[in-house]
Amino acid sequence: MAISTIVPKAFKITLKTLKIRFFILLLLPQKSTRMIAQQLLIYNTLTRKKEVFKPIHSPHVGMYVCGPTVYGDAHLGHARPAITFDILFRYLTHLGYKVRYVRNITDVGHLENDADSGEDKIAKKARVEELEPMEVVQYYLNRYHKSMEELNVLPPSIEPHASGHIIEQIQFIQEILDHGYAYESNGSVYFDVEKYNKDYHYGKLSGRNIEDMLNSTRQLDGQEEKHNGVDFALWKKASPEHIMRWPSPWSEGFPGWHLECSAMGTKYLGQEFDIHGGGMDLMFPHHECEIAQSVAALGKESVHYWMHNNMITINGQKMGKSLGNFITLDELFTGTHKLLEQAYSPMTIRFFILQAHYRSTLDFSNEALQASEKGLQRLYDAFSKLNKLQPAKTSENIDVTGLKDKCYEAMNDDLNTPIVISHLFDAARAINSIAAGNGSISGNDLSELKAVYKLFFNDILGVKSGEMMDSSNNEAYKKAIDLLLDMRQEAKQRKDWATSDNIRNQLTAFGFEIKDTKDGFEWKLN
RNA sequence: GGUUCCUUGGCCGAGUGGCUAGGCACCGGUCUGCAAAACCGUCUACGGCGGUUCGAAUCCGCCAGGAACCUCCA
């Protein structure tokens, strides 16, 4: 009785829902196809070629990026993948794709080395600082999030923790074991690289051959458990003093590092998904192992497009944790590092990173950052002038449609942000010319230019504009500065240059920039 | 040693066969009481040697220098 009354009702609701959905679908594809019609080329590390991006289930896109191991503060190097894939996330979304962006948090499984006595990085930090491991994780994760927010990096759709997916990882190992590509040894489980390589190619992503690797793999202590030096751990039995441990069919222990991405990627994005990103230094062995794990467990590769950002260097060398030559983001923002001549705002850092293509190395130096800071300021100034321009009948020296097309063209060419920026600088010059009275812009072009600027500068490149950061200014303070400069104007009219220069010089010393204009003055705080 | 990649003007950094970005710095000019900002202009480079081509920063070869990965790394 109850069922028969419920079913039709449920059916009714479903029909209604379907109708609404159908209606939405009718609307969406029009917008989507128009936008998605942009042909995006992305460089696929797997083929070493730029390829046309075709999602498996358009308009849905699945994207996985290797996030940080949270056992220390994020440094400049961490900002690179975060910003690179933030741009991709923003751009795909703008094109009309529905992106599910997964960026993991590694909070377990990072061995100090591959030896039996290998210690987890988080656990080590916890022991050194006498903290609960999860306390370490939370502390640095909070700080990571804060830095990312300051860099205007959008949060991913899902941010899974490795420690929260132990069951999935155990299942994944079981699949690999069932397919015969792993073996248990003294409570640990290792991936059988040699066996796998007979059926597939281990090393296809990084262009390696197992023969070369067999000869060059370092001999570390405690590797007697492995059948072969190149085999990597899927599960490690925990030594008695090891803090982070979970039960499994093989031993109390913890999962190997490479496993988390395979397990979480396929859990949230499906057995096959579109994009997997990360730093170039993760290509081997991390991503290579991921491929092997997926093929061994699922019988197919999970990832269609592998994308890798290049490194940030300092004095020509990779900035990294192990070399100890890194500068944390906090230090950059506050200028508290011995190599820094000054503090650099988060937007300067973001702009600096975007001025190089993501597949090129980018060398850190104060000179380069200062150049970025000034360049960014030039764009801010130009675009604040844009909002004050008066429309004319015709446009003389600016082609807004051409600008927009060129920006799209650059983005579509494997996210060429430096080219997009160069076009924005071209626009800035045109705006400045018009503002200086050399040229004109029509009303239509003016509003279109404002829209293009907002789209590429703010929305896609994700640079917060000056006004957005100007919220701390308050009226009383502005009036005080205006008052001082009014006094200076009076002094100028009396030709009392000593007083007028004194006011200007003092304000300049405090960091203000004073400009005299035809009818008065302008100022801003740098 | 193996694998992959790089070398662009004072600095940073795009560009993959002819159109030879952009930013910062420098210099000259315009504007200004002087500045600042802005505008206009100047400088115009592709590690070296050879080859392919009508034509090469771009393709090929050799040499020199550097980097990443091969162990944890974004």
Side-chain angles (χ1 to χ4, degrees), chain A residues 45 48 65-69 71 74-85 110-115 118 121 203 206-209 211-213 215-218 220 230 257 277-286 288 308-313 316-323 326 351-352 355-357 359-379 381-382 385 410 413 416-426 428-429 431-439 492 495 497 500-501 504-505 508 513-518 521-524:
Chain A
T45 309
R48 317 253 157 182
V65 174
C66 290
T69 306
Y71 66 113
H75 59 73
L76 186 56
H78 292 103
R80 192 115 196 241
I83 289 171
T84 298
F85 294 105
H110 247 313
L111 298 176
E112 280 288 294
N113 57 50
D114 226 358
K121 287 194 166 185
S206 54
R208 283 156 208 265
N209 291 311
E211 293 77 22
D212 301 331
M213 287 185 270
N215 299 329
S216 62
T217 303
R218 253 207 230 171
L220 295 161
V230 290
W257 169 42
M280 263 183 192
D281 52 347
L282 298 180
M283 209 157 85
F284 189 92
H286 186 53
E288 205 72 76
H308 292 96
N309 62 274
N310 214 319
M311 301 293 105
I312 288 182
T313 57
Q317 263 201 325
K318 173 185 167 182
M319 182 180 281
K321 197 101 181 149
S322 44
L323 283 168
F326 59 91
F351 190 69
F352 170 66
Q355 270 188 302
H357 189 262
R359 284 193 288 111
S360 300
T361 53
L362 172 60
D363 199 50
F364 161 88
S365 69
N366 279 285
E367 220 180 345
L369 275 168
Q370 282 157 7
S372 287
E373 184 179 54
K374 286 186 180 163
L376 178 60
Q377 193 57 52
R378 184 173 158 83
L379 288 183
D381 289 349
K385 273 187 201 163
D413 186 17
N416 201 330
T417 55
I419 295 291
V420 175
I421 289 170
S422 80
H423 294 319
L424 293 177
F425 275 115
D426 288 342
R429 174 171 293 120
I431 291 163
N432 285 332
S433 284
I434 295 164
N438 308 316
K492 277 176 71 179
K495 294 197 192 289
W497 308 128
S500 85
D501 286 357
R504 185 178 65 192
N505 294 344
T508 305
E513 187 176 298
I514 315 301
K515 296 182 214 175
D516 286 342
T517 62
K518 250 186 179 172
F521 55 84
E522 282 177 13
W523 64 269
K524 69 178 180 192

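Throughout, a chain's letter reflects where its sequence line sits, starting with A, and its residues are numbered from 1. No experiment lies behind these values; they were computed from the predicted model shown. Just so you know, these numbers use all the heavy atoms, side chains as well, and skip hydrogens, waters and symmetry mates.
For B:G13 and B:C24, the P atoms lie 16 Å apart once the distance is rounded to whole Å. A distance of about 12 Å separates the C1' atoms of B:U32 and B:A38, rounded to the whole Å. The separation of B:A57 from B:U52, taken at their P atoms, amounts to 16 Å, rounded to a whole angstrom. The same atom, P, is picked in B:U7 and in B:G48; the two are 13 Å apart, to the nearest Å. Remark: the separation of the P atoms in B:G33 and B:U44 is 36 Å, to the nearest Å. Only the P atoms considered, B:C70 is 39 Å distant from B:G50, to the nearest whole Å. Between B:C5 and B:C40, the two P atoms lie 42 Å apart (nearest whole Å). Across the C1' atoms, B:U3 and B:G15 are found 27 Å apart, a figure rounded to whole Å.
As judged by a 4.0 angstrom heavy-atom cut-off over every strand, A:Met283 is placed among residues making no nucleic acid contact. A:Ser322 comes within 4.0 angstrom of a base, heavy atoms only. Counting any heavy atom pair closer than 4.0 Å across all strands shown, A:Asn310 reaches a base atom. Nucleic acid contact class of A:His75 (heavy atoms, under 4.0 Å, all strands): base. Residue contacts for A:Thr84: at a heavy-atom cut-off of 4.0 Å it reaches no nucleic acid atom on any strand shown. Contacts of A:Ser206 with the nucleic acid, taken as non-hydrogen atoms under 4.0 Å apart, involve only primed sugar atoms and P, OP1 or OP2. No engagement by A:Arg359 is indicated, since no non-hydrogen atom pair under 4.0 Å with the nucleic acid exists. Using a 4.0 Å heavy-atom criterion, one finds that A:Lys495 contacts no nucleic acid atom at all. If you check every strand for non-hydrogen atoms under 4.0 Å, A:Gly320 touches nothing. A:Leu424 comes within 4.0 angstrom of nothing in the nucleic acid, heavy atoms only.
In this structure, A:Asp426 CG and A:Ile431 CD1 are separated by 11.0 Å, a value rounded to the nearest 0.5 Å. Atom CD of A:Glu513 sits about 8.5 Å away from atom OG1 of A:Thr508, to the nearest 0.5 Å.
When both distances must be under 3.5 Å, the Watson-Crick or G-U wobble mate of B:C62 is B:G48. Base pairing of B:A68 is made with B:U3, judged by Watson-Crick or G-U wobble geometry with both donor-acceptor distances under 3.5 Å. Figure legend. B:C26 is base-paired to no nucleotide; pairs are counted as Watson-Crick or G-U wobble with both atom distances under 3.5 Å. Across all strands shown, B:A57 forms no Watson-Crick or G-U wobble pair with both key distances under 3.5 Å.
With contacts defined as side-chain heavy-atom distances shorter than 4.5 Å, the pair A:Arg504/A:Lys492 does not qualify.
In terms of modelled atom types and a separation under 3.5 Å, the side chain of A:His423 and the main chain of A:Val420 share no donor-acceptor contact. When atom types are taken as modelled, the side chain of A:Gln355 and the backbone of A:Ser372 share no donor-acceptor pair closer than 3.5 angstrom.
What separates CG of A:Asn209 from C1' of B:U3 is a distance of 9 Å, to the nearest Å. In this structure, A:Asp501 places its CG atom 12 Å from C1' of B:U32, rounding to the nearest Å. Note: CE (A:Met311) to P (B:C69) measures 8 Å, nearest angstrom. Summarising the geometry, the separation between NZ on A:Lys492 and C1' on B:U32 is reported as 8 Å, rounded to the nearest angstrom. The nearest whole Å value for the distance from the CG atom in A:Asp281 to the C1' atom in B:A67 is 13 Å. Taking atom CG on A:Asp426 and atom C1' on B:A14, their separation rounds to 12 Å, with Å as the unit. With rounding to whole Å, A:Lys515 atom NZ is found 19 Å from B:C34 atom P. We find that CD1 of A:Ile514 is positioned 14 Å from P of B:A36, with the value rounded to whole Å.
When distances are taken from the side chain of A:Asn309 to each of B:G13, B:A74, B:C40, the shortest belongs to B:A74. Candidate nucleotides B:C69, B:G33, B:A36 were compared by shortest atom distance to the side chain of A:Phe284, and B:C69 ranks first. Closest contact between the side chain of A:Thr69 and the listed nucleotides B:A38, B:A68, B:A74 involves B:A74. Comparing B:A74, B:A68, B:C70 against the side chain of A:Leu282 picks out B:A74 as the nearest. Distance from the side chain of A:Arg208 is smallest for B:G2 among the nucleotides B:C39, B:G2, B:C34.
Using a 4.0 Å cut-off, no side-chain N or O of A:Thr508 falls inside it from OP1 or OP2 of B:A35. Taking side-chain N and O atoms only, A:Asn438 has no distance below 4.0 Å to OP1 or OP2 of B:C39.
Checked for salt-bridge contact, A:Arg378 and A:Asp381 miss the test: no charged N lies under 4.0 Å from a carboxylate O.
In this model, a side-chain donor or acceptor of A:Arg504 finds a partner on the base of B:C34 within 3.5 Å. Side chain A:Asp516 to base B:C34: a donor-acceptor pair is found below 3.5 Å.
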- So A:Lys318 and A:Met280, side chain to side chain contact (heavy atoms under 4.5 Å, CB included) or not? Walk me through it. CA-CA 11 Å; A:Lys318 173 185 167 182; A:Met280 263 183 192; over 6 Å; no
- Message: Determine whether A:Asn310 and A:His357 satisfy the following criterion, side chain to side chain contact (heavy atoms under 4.5 Å, CB included), listing intermediate values before the conclusion.
- Response: CA-CA 9 Å; A:Asn310 214 319; A:His357 189 262; over 6 Å; no
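Across all their heavy atoms, A:Leu362 and A:Ala356 have their closest contact at CD1-CB, 3.8 Å. Contact record, A:Ala435 with A:Lys385: CB-CD, 3.8 Å, taken as the closest heavy-atom pair. Considering all non-hydrogen atoms of both residues, A:Leu379 and A:Ala428 come closest at CD2-CB, 4.0 Å. When every heavy atom of A:Ile312 is checked against every heavy atom of A:Phe364, the shortest pair comes out as CG2-CB, 4.5 Å.
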Expected rows: protein N/O vs nucleotides 15-20 of chain B N/O, under 3.5 Å:
| unit_1 | atom_1 | unit_2 | atom_2 | d |
| --- | --- | --- | --- | --- |
| B:G15 | OP1 | A:Asn416 | ND2 | 3.0 |

Pairs: protein N or O with nucleotides 24-31 of chain B N or O, under 3.5 Å:
| unit_1 | atom_1 | unit_2 | atom_2 | d |
| --- | --- | --- | --- | --- |
| B:A25 | OP1 | A:Lys374 | NZ | 3.3 |

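Nearest-nucleotide mapping onto RNA chain B: of A:His286 and A:Ala368, the residue sitting toward the 5' end is A:Ala368. Projected onto RNA chain B by closest heavy-atom contact, A:Gln317 and A:Lys321 fall at different nucleotides, the more 5' of which corresponds to A:Gln317.
A cation-pi arrangement is found for A:Lys321 relative to A:Tyr71, the charged atom lying closer than 6.0 Å to the ring centre and inside a 45° cone about the ring normal.
Taking the six-membered ring where tryptophan is involved, the planes of A:Phe351 and A:Phe425 are perpendicular, since the angle between them exceeds 60° and thus also 30°.
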